[in-house]
Student: 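Got a structure here, written out as structure tokens. Questions coming.
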2 protein chains.
Amino acid sequence: MPENDDTTPPLTREALTQAALRVLERDGLAGLSMRKVAAEVGVKAASLYWHVRNKQELLDLLTDAVMASAEPPPREGGWREQFHAYCSRYRRLLLDNRDAAKVVSGRLAPGPHLLAVMEDQLDRLRAAGFSDADAAMATYLLGAFVQGFVLQEQSPISAAEVLGTSRRDIADAAGDRFRSLPADTFPNLVALAGDLTEPDMDARFEFCVQRILDGLAALLPVDRR
Amino acid sequence: MPENDDTTPPLTREALTQAALRVLERDGLAGLSMRKVAAEVGVKAASLYWHVRNKQELLDLLTDAVMASAEPPPREGGWREQFHAYCSRYRRLLLDNRDAAKVVSGRLAPGPHLLAVMEDQLDRLRAAGFSDADAAMATYLLGAFVQGFVLQEQSPISAAEVLGTSRRDIADAAGDRFRSLPADTFPNLVALAGDLTEPDMDARFEFCVQRILDGLAALLPVDRR
DNA sequence: CATCACTCCCTAACGCTGTTAGGGGCCACG
DNA sequence: CGTGGCCCCTAACAGCGTTAGGGAGTGATG
């Protein structure tokens with residue numbers, strides 16, 4: 001009798017999704033198993049298959065649940081500020097929810113929340129003066145980039161048997177590694193060791209986003225950039 | 001007696017890597033197990049742990065093996081053409097080796113071959129007139145983007161219980177899905193259904209790369225773009 | 001020659017995974 | 001009262017990464 005209620009309400013897909021979200025936060029994507037999700041809702045693993053076709057469908061639900069917490073930036077300022085904010089918020093979202101980048105990039109599942117985001121982005125891009133085709137491509141470009149960036153940003157470093165796990169320490173170690181390469185075959189890596197191992201990922205992201213926004217701006221007539 | 005030799009040469013990490021590469025090509029990353037790799041070299045699974053610390057180390061070797069087949073584009077024409085070629089070739093490489101994008105993005109393992117690529121890219125960027133910091137960032141940006149793009153490009157579509165698995169059919173189905181959305185809440189998705197589901201991924205990639213190159217070009221003094 | 005250390009592979013096992021088959025209470029409807 | 005659908009169960013299957021411990025073969029050392 002683990003419950004004080006004599007009957008527990010039947011499971012819903014939403015409850016299941018929320019439970020999976022908790023397990024994901026606690027144990028990460030690698031630790032997210034059907035058995036743990038089942039235990040989280042007080043049920044055995046096989047029972048999940050009544051509500052969900054398989055694990056992938058649960059991950060699809062997770063994807064949309066993550067996207068649900070995305071809220072569009074304020075609609076003020078130029079299109080550049082707005083899309084800069086969009087990118088920053090999307091990155092934040094992926095960073096704040098554990099392993100969200102891996103979950104989202106594992107499947108292209110346009111759930112209702114993602115559709116809403118796309119709709120909003122397209123509206124702003126067209127209002128900014130982008131052609132239909134360019135607007136469609138721009139949303140794709142920004143989405144793919146932010147996802148790729150965060151994935152890269154979060155991917156573990158191979159040589160990291162380093163004790164100090166802080167960004168700073170890792171960057172220092174990587175810098176030393178670059179500097180200790182043979183200078184005759186890798187002159188540029190040696191010379192740019194410091195630049196290559198910039199530990200401030202926010203600054204890196206900033207740079208990249210600004211370049212992409214510059215590239216998009218070049219599509220507009222000069223007076224609308 | 002599966003061998004005509006009475007003794008087989010002892011395993012090397014290189015032989016093991018090549019075997020893993022074959023299994024990867026045949027069964028994909030999800031089907032790549034230590035047992036299968038062991039069988040591929042005619043050995044039992046536990047024996048692999050003599051040559052390799054764990055599966056992740058094998059994947060790191062795989063990553064560098066994939067990067068080994070990357071060859072830099074010819075050093076002729078402007079920096080734009082050169083880096084356009086770099087991006088296209090990197091994408092081709094990721095597309096041609098099964099699940100290469102997933103393997104590569106799972107770990108940040110700067111093996112010798114990746115170091116060589118970075119060295120070469122930095123050299124060209126500096127020659128083109130980019131500052132040290134900008135050159136370092138640019139390699140990062142291009143790498144992260146291409147990886148993100150291919151990952152997105154290859155991620156399976158959730159609603160694809162569709163029979164016709166061709167790009168064209170999937171795009172058509174997705175287009176129909178967009179068009180059948182309620183036009184009052186998703187006017188842009190409905191209107192741009194065709195543009196959003198452009199099936200020619202080469203064209204999509206082309207667009208994105210050109211935008212990023214435009215953005216990078218803006219860093220240069222006008223006379224060197 | 002005997003002994004030791006080292007290399008390289010083995011068997012056996014542990015605890016985990018996703019998924020299916022089949023069964024059994026329970027509740028509403030005819 | 002019976003029947004059918006809902007919702008969960010137990011049991012099991014085949015596979016996974018990984019470890020412990022053993023046992024042949026080889027080459028150097030006493």
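Values reported hereafter were calculated over all heavy atoms of this structure, with side chains retained and with hydrogens, waters and symmetry mates removed. A quick note: this is a predicted structure, and the numbers were derived from the prediction, not measured. Naming: A, B, ... by sequence-line order, numbering from 1 per chain.
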Student: What's the CZ-P distance between A:R53 and C:dG18, to the nearest Å?
Tutor: 18 Å
Student: Are there more than 12 heavy atoms of other residues, nucleotides or ligands under 6.0 Å from atom CD of B:Q56?
Tutor: yes
Student: Within this structure, what is the CE-to-P distance between B:M34 and C:dT11, rounded to whole angstrom?
Tutor: 17 Å
Student: Tell me if the side-chain of A:R35 makes a donor-acceptor pair with the base of C:dG18, cut-off 3.5 Å, by modelled atom types.
Tutor: yes
Student: Which whole-number value in Å describes the distance from B:L48 CG to C:dC9 P?
Tutor: 9 Å
Student: Among residues two or more places apart or on two chains, list those pairs meeting salt bridge (charged side-chain N to carboxylate O under 4.0 Å, His left out) that have a residue in residues 179-196 of chain A.
Tutor: A:D176-A:R179
Student: Would you mind reading off the distance between B:R13 atom CZ and C:dT7 atom P, rounded to a whole angstrom?
Tutor: 15 Å
Student: Quick one: which of C:dC10, C:dT19, D:dG17 gets closest to the side chain of B:Y49?
Tutor: D:dG17
Student: Of the nucleotides D:dG17, C:dG18, C:dC10, which has the atom closest to the A:K55 side chain?
Tutor: C:dG18
Student: Counting any heavy atom closer than 4.0 Å, what does B:S47 reach on the DNA or RNA strands: base, sugar-phosphate only, or nothing?
Tutor: base
Student: Check side chain to side chain contact (heavy atoms under 4.5 Å, CB included) between A:T185 and all other residues, then give those that pass, not counting sequence neighbours.
Tutor: A:P182
Student: Is there a donor-acceptor contact under 3.5 Å linking the side chains of B:Y90 and B:Q147?
Tutor: yes
Student: Name the closest nucleotide to the A:V43 side chain, picking from C:dG18, D:dT19, D:dC9.
Tutor: D:dC9
Student: Should B:W50 be listed as having a side-chain N or O under 4.0 Å from OP1 or OP2 of C:dC8?
Tutor: yes
Student: Between B:H51 and C:dT7, does any side-chain N or O lie under 4.0 Å from OP1 or OP2?
Tutor: no
Student: A:L61 versus A:L16: any side-chain heavy-atom pair under 4.5 Å?
Tutor: no
Student: Over all strands shown, is A:L32 touching base, sugar-phosphate only, or nothing at heavy-atom distances under 4.0 angstrom?
Tutor: sugar-phosphate
Student: Please report, rounded to the nearest Å, how far the P atom of D:dT18 is from the CD atom of B:E57.
Tutor: 11 Å
Student: Please state how far atom NZ in A:K36 lies from atom P in C:dG18, giving the value in whole angstrom units.
Tutor: 9 Å
Student: Looking at D:dC8, I'd like to know if its phosphate oxygens (OP1 or OP2) sit under 4.0 Å from a side-chain N or O belonging to A:K44.
Tutor: no
